[in-house]
Protein chains: 2
Amino acid sequence: MDSKVRDEMVAVDKRVRDAGLRPTRQRVALGNLLFAKGDRHLSAEELHEEALAAGVPVSLATVYNALHQFTEAGLLRILAVEGSKTYFDTNTSDHHHFFIEGENRIFDIAAGPVEIVNLPEPPEGMEIANVDIVVRLRPKRAK
Amino acid sequence: MDSKVRDEMVAVDKRVRDAGLRPTRQRVALGNLLFAKGDRHLSAEELHEEALAAGVPVSLATVYNALHQFTEAGLLRILAVEGSKTYFDTNTSDHHHFFIEGENRIFDIAAGPVEIVNLPEPPEGMEIANVDIVVRLRPKRAK
DNA sequence: CTGTGTGCAAACTCTTTGCATAAGT
DNA sequence: ACTTATGCAAAGAGTTTGCACACAG
């Protein structure tokens with residue numbers, strides 16, 4: 001194994017530990033799949049399949065557990081898209097998404113210049129947790 | 001029955017008819033519940049309960065059917081909020097939402113001045129169907 | 001060792017479907 | 001009459017839970 005990969009695994013181990021979770025085989029393996037390749041948008045089932053494909057025989061229930069624990073720890077965010085499945089985003093910073101109707105594909109909008117103006121104040125006693133923008137796309141129809 | 005209510009029911013009948021749907025008792029009754037009171041955010045189950053409470057013994061399957069048919073006809077929109085339930089919005093014009101974490105409550109952001117600047121171009125061959133902004137709120141924590 | 005995590009299967013929730021009956025045009 | 005809609009119950013998808021066994025500290 002080259003040193004870069006090993007460093008990543010050490011880093012994931014630390015992230016999991018810092019989140020107050022035991023760095024078990026399964027959690028570290030899932031963490032590696034999630035965090036090693038940049039920003040990802042995954043459902044539990046997709047991650048489960050990836051794990052099996054990677055030779056980590058983790059159960060689906062454990063994948064759900066890990067995803068929720070990571071989310072509580074701030075390592076993941078849940079994406080607000082309609083549809084039956086829950087998607088998790090490995091990028092927890094403020095950024096936004098394109099969503100392709102019909103295909104259930106999601107990808108990031110480059111974070112840079114997008115900005116919302118004139119957002120109203122939240123009601124008394126509430127504060128803004130975050131702002132999600134979803135730009136729903138459809139195939140351009142022929143003229 | 002006063003003339004205003006009767007006029008509303010005639011209008012709903014026409015909306016349903018214009019959508020290419022037979023104005024059956026159930027669809028008209030559901031349409032009235034949906035459209036008579038301004039903008040609403042409802043799940044299928046909530047609408048079902050309202051219908052029963054209003055003395056319209058409609059089945060849950062029919063509520064789902066009607067909601068989807070109305071959505072296809074452009075009379076409703078599906079809200080993009082995470083969570084297991086699907087919410088339907090009776091306001092189909094471009095507007096945005098506050099979402100209260102934990103309570104699953106949704107309400108409109110006054111449409112007026114909110115604006116997004118510097119939204120990137122959609123990828124080749126795609127066009128924007130719509131843009132949803134969800135502002136997630138949480139209770140302000142004491143200082 | 002001790003306690004937390006995991007895996008399995010069963011349970012649960014929300015939604016959709018199939019088919020006989022009822023209602024609209 | 002003819003066709004489409006409805007209601008019921010059962011199936012389906014996604015997710016969660018309970019409990020015995022395994023593993024990390």
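In this text the structure is predicted, and so the values were computed from the model without any measurement. Numbered from 1 within each chain, the chains take letters A, B, ... in sequence-line order.
Atoms CD1 (B:I78) and P (C:dC14) sit 17 Å apart, rounded to a whole Å. Atom pair A:E45:CD and D:dG12:P shows a separation of 16 Å (rounding to whole Å applied). The CG-P distance, from B:L60 to D:dA11, rounds to 18 Å in whole Å. For B:H68 and C:dC14, the NE2 to C1' distance is 11 Å, given to the nearest whole Å. A:Y64 places its OH atom 16 Å from the P atom of C:dC8, with the value rounded to the nearest Å. Between B:L42 atom CG and C:dC14 atom P the separation is 15 Å, expressed in whole Å. One can place CZ of A:R27 at 11 Å from P of D:dA24, the figure rounded to the nearest angstrom. Here C:dT13 presents its C1' atom at 13 Å from OH of B:Y87, a figure rounded to the nearest Å.
Considering all non-hydrogen atoms of both residues, A:P123 and B:F107 come closest at CG-CZ, 3.7 Å. Across all non-hydrogen atoms, the minimal contact from A:R138 to B:I128 is NH2-O, 4.1 Å.
For the pair B:H48 (side chain) and B:V58 (backbone), a donor-acceptor distance under 3.5 Å is present.
Under a 4.0 Å N-O distance rule, the pair A:E82/B:R77 does not qualify as a salt bridge.
At C:dT6, none of the side-chain N or O atoms of A:T62 fall inside 4.0 Å of OP1 or OP2 (strictly under the cut-off).
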Give every pair of a protein N or O atom and an N or O atom of nucleotides 21-25 of chain C that lie under 3.5 Å apart, one pair per line with the distance.
residue, atom, partner, partner atom, Å
C:dG24, OP1, B:R25, NH1, 3.1

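Among the heavy atoms of the strands, none lies under 4.0 Å from A:S43.
Across D:dG14, D:dC8, D:dT6, the shortest atom-to-atom separation from the side chain of A:S84 is found for D:dG14.
Just one of B:D89, B:N91, B:D132 meets the side-chain hydrogen bond (donor to acceptor under 3.5 Å, both in side chains) condition when paired with B:H97; it is B:D89.
In this structure, A:G20 and B:N65 both approach DNA chain C, and ranking their closest nucleotides by distance from the 5' end singles out A:G20.
You'll find the ring centres of A:F99 and A:H41 outside the 6.0 Å limit.
Judged by a 6.0 Å distance limit and a 45° cone about the ring axis, A:R15 is positioned over the six-membered ring of A:F35.
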